[in-house]
Amino acid sequence: MSDRILVSTRKGLFEVARNGHGWEVSDSGFLGDNVTLALHDPRDGTDYAALNHGHFGVKLHRRDKGGEWTEIATPAYPPKPEGLDDRDGWGKPVKWTTQMIWALETGGADEPGNLWAGTMPGGLFRSTDRGDTWEMMENLWLMPDRNKWLGGGADIPGIHSICVDPRSSRTVRIAISCGGVWVTEDGGKNWRQSAHGMRFDDGPTADDPDTQDPHMMVQSPSHPERFWVQHHCGIWKSTDNAKSWTEVKAKPSSFGFGVVVHPKDPDTAWFVPGIKDEKRYPVEGKLVVTRTRDGGKSFDVLSNGLPQQHAYDIVFRHALDGDGTGDRLAFGSTTGNLWVSEDQGDSWTTVSTTLPPVHAVRFA
């Protein structure tokens, strides 16, 4: 059970800890800077933080257990070949530069020091030395199908979800907005599309797997053949190692960004619904979390402790998380609110209402 949460915000990284009085902000770092993502590596106790300084670029920092933050290498794209007219699925020119670190995950338990980083505009990187150096997965980046990938809400494609298979660390699945789901079974040498069955009504072709818009993908730790995806056009699940996908309907809405799966029960998952597309706020201004315990056949609407009028919080894809027990959940919103539940979402406690806009929440 985790007593610490890393909260990445528009104006710094905040650490939230549980003490005898409940949950409260206990520390802060990078105050004033845009921290887009943080990662705790349970293998050695290291923390990582990704920052986006806008005009001054993307930076990555590492903090050893008990140590101080130190800047490390940032994943970097190779030079764009001279004369190459590289365009995405909307016909926009693709910049071969790291514009955001949008996913950060550890390698397998048998790969100490290995890290994976997903970026905008769609490059995937691996480090084998705790982020001191990075290698781009060029076989993925140079595939002709990459030019079908589209920008969604961020205008450019990006890798936001990385699932390292607990059965084999060489099997990695990634989700791309908007580029579907891709899988490698040989550590990144070869890749294949794996979004078959999804539907993106707002894309060039609704059922083209190469242009799907998954917002977040998670893999069940206890039953790793099971996956959940919060998609732009609904909720999807897979029971066959992400080879095929089935749509699931939820109320008050199937639209949202984040998804968490219970670490011991693949049929239990949580979502934070909202109104789709231009509006993007909770249905009827009531902030709720939805939970299924039967694989999507039915959903509980959880509101105890959450604002039920004039709530306009949006919860980004990385801003909902659960701990290793499945009992504790936390999420933060664009309005700087942060909530924690210790009973699988049945009730929620407000930790703060005054944080900067929250990008990501992660138990550590």
| request: Classify the ring geometry between F125 and Y77 as parallel (under 30°), tilted (30 to 60°) or perpendicular (over 60°). | output: perpendicular
- Query: Would T171 and D165 count as having a side-chain donor-acceptor pair, cut-off 3.5 Å?
  - Reply: no
- With no hydrogens and no angle check, do the side chains of T268 and D265 hold a donor and an acceptor under 3.5 Å apart? yes
Exercise for the section: For the pair T211 (side chain) and W149 (backbone), establish whether a donor and an acceptor sit closer than 3.5 Å, ignoring hydrogens and angles. Expected result: no
Given the options D346, D343, D3, R328 meets salt bridge (charged side-chain N to carboxylate O under 4.0 Å, His left out) only with D3
(message) Just checking K276: does its NZ atom have more than 12 heavy atoms from other residues, nucleotides or ligands closer to it than 6.0 angstrom?
(response) yes
Item checked: Neighbour count >12 (heavy atoms, 6.0 Å) for atom NZ, K80 -> yes
Next on the checklist: If the threshold is 4.0 Å, N to carboxylate O, is there a salt bridge linking K59 and D33?
Outcome noted: no
*Check whether the side chains of D207 and T205 place a donor and an acceptor atom closer than 3.5 Å, and report yes or no.*
no
- Item | ILVMFWY network linking V183 to W191, side-chain heavy atoms under 4.5 angstrom | no
- Task: Quick one: sort the H215 and F257 rings into parallel, tilted or perpendicular, breaks at 30° and 60°.
- Result: parallel
Open item on the list: Test your reading of the model: is there a side-chain donor-acceptor pair from Q212 to the backbone of A206, 3.5 Å cut-off?
Closed with: yes
Does one side chain, of N52 or T36, offer a donor that lies under 3.5 Å from an acceptor on the other?
-> no
* With the threshold set at 4.0 Å, does a side-chain nitrogen-carboxylate oxygen contact exist between R4 and D47? -> yes
Problem - N/O donor-acceptor pair under 3.5 Å between R146 side chain and W141 backbone - result: yes
Does this structure show an ion pair linking D300 with R291, if we count only N-O contacts that are shorter than 4.0 Å?
yes
Problem - Side chain to side chain, V351 and V7, heavy atoms closer than 4.5 Å - result: no
(Q) Grouping I, L, V, M, F, W and Y whenever their side-chain heavy atoms are under 4.5 Å apart, do V260 and W348 come out in a common cluster? (A) yes
Examine distances only and state if a side-chain atom of D64 and a backbone atom of G67 form a donor-acceptor pair shorter than 3.5 Å.
no
Using 4.0 Å as the upper bound for N to carboxylate O, is an ion pair formed by R192 and E185?
yes
Side chains of C233 and M198: closer than 4.5 Å at any heavy-atom pair?
no
**Asked** Is the gap between the ring centers of F255 and H232 under 6.0 Å?
**Response** yes
Walk me through it: do F331 and W270 pass the test ring pair (Phe, Tyr, Trp, His ring centres under 6.0 Å)? CA-CA 11 Å; F331 72 95; W270 294 265; over 10 Å; no
Shared ILVMFWY cluster between M216 and W116, side chains joined below 4.5 angstrom? no
Taking atom NE2 of H53 as the centre, does the number of heavy atoms from other residues, nucleotides or ligands within less than 6.0 Å exceed 12? yes
Note: E105-R362 ion pair, threshold 4.0 Å (strictly below) | yes
Between C178 and D213, the two heavy atoms sitting closest are SG-CG, 3.4 Å
Heavy-atom distance under 4.5 Å between the side chains of W339 and V289, does that happen here?
no
For G122 and I159, the nearest pair of non-hydrogen atoms, with its separation, is O-CD1, 3.3 Å
Taking every heavy atom of R130 against every heavy atom of I72, the minimum-distance pair comes out as O-CD1, 3.8 Å
Flag the pair I5 / W23 as yes when at least one side-chain heavy-atom distance between them is below 4.5 Å, and no otherwise. yes
**Message:** Can you confirm whether T9 sits close enough to V35 that some side-chain heavy atom of one is under 4.5 Å from a side-chain heavy atom of the other?
**Reply:** no
Original post:
Any idea how H359 and F316 line up, ring-wise: parallel (<30°), tilted (30 to 60°), or perpendicular (>60°)?
Top reply: parallel
Q. Should D267 and H223 be marked as a side-chain hydrogen bond (donor to acceptor under 3.5 Å, both in side chains) after you check the CA-CA gap, both sets of side-chain angles, and the distance that decides it?
A. CA-CA 10 Å; D267 288 323; H223 294 71; over 6 Å; no
Heavy atoms, side chains only, cut-off 4.5 Å: are L338 and V358 in contact? no
dist R173:CZ -> M217:CE (nearest 0.5 Å) comes out at 7.5 Å
Heavy-atom closest pair (A117 atom, P75 atom, distance to 0.1 Å) is CB-CG, 4.1 Å
Heavy atoms of L37 and S8 approach each other most closely as C-OG, 3.4 Å
